[in-house]
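Notes follow the structure.
First listed ligand is number 1; within each ligand, the first listed atom is number 1.
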Amino acid sequence: MKLVLLGPPGSGKGTQSKFLVEKHNFIQLATGDLLREKVSNKDSSLGKEISEIMNSGELVPDNIVIQLIVEKISELKNKKLIFDGFPRNLNQAIVLDESLNKISVSLDKVIFIDVDYKILKDRILARINETNEEDRRSDDNTDTLIKRIEVYKSNTLPIVKYYKKMGILKEINGMSSIKDVSQQIFNIIS
Ligand code: AMP
């Protein structure tokens, strides 16, 4: 099974991915994590460039992200996969379909976690306040958050329509408890 978890920043994609990994044997492919891994090599000029883009809240160029994910897809072809934070625009969605088709697989479901934008802001602000400075993600700050939500609305939301047309979109209410959201996801995949 191949799933996409789609939703705005702070909607709980990471938390719900962990649940799918721990309880249902999925492998999580999170482009944000893959990019942070690249950035941890601060000596590389590419790492520096990516880090600046991530801290601004903009999207990292498609060619970089797509290369990272395509490598993983062929490696993990036969596994249960969750795509978390990818695709984030229409071009990435199309490339994902093409890459999966090439290895004779396709997406089974796209789970769209819908969350009110006001609640999102409160959640991310809480995440910022609850984490020690040294453990905090460098893009967890109010300015970047506002930009990330704008980028989500203009680049990522159009994908919802694309998957709706394909008939694989499942929308869930992301405003209830973590447990309830997990249950909604479980109902979809079982
Ligand atoms: P995330 O960990 O998913 O919240 O992503 C953190 C940041 O990484 C985003 O704000 C983007 O700058 C970058 N990023 C993650 N995934 C993608 C993607 N699929 N396309 C472009 N940029 C991405």
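- You'll find the side chain of Ile111 stays beyond 4.5 Å of the side chain of Val4, heavy atoms only.
- Ionic pairing of Lys118 and Asp122 is present here: one or more N-O contacts between side-chain nitrogen and carboxylate oxygen are shorter than 4.0 angstrom.
- For the pair Lys153 and Tyr117, the cation sits on the ring face: its NZ or CZ lies under 6.0 Å from the ring centre, inside 45° of the axis.
- Side chains of Met1 and Ile189 form a contact here, defined as non-hydrogen atoms less than 4.5 Å apart.
- Take Arg88 and apply the salt bridge (charged side-chain N to carboxylate O under 4.0 Å, His left out) test, not counting sequence neighbours, and it matches no residue.
- Residues with a heavy atom under 4.0 Å from ligand 1: Thr31, Gly32, Leu35, Arg36, Met54, Glu58, Leu59, Val60, Val65, Gly85, Phe86, Arg88, Gln92, Arg137, Asp139, Arg148.
- The 12-atom threshold is exceeded at NZ of Lys109, counting heavy atoms of other residues, nucleotides or ligands nearer than 6.0 Å.
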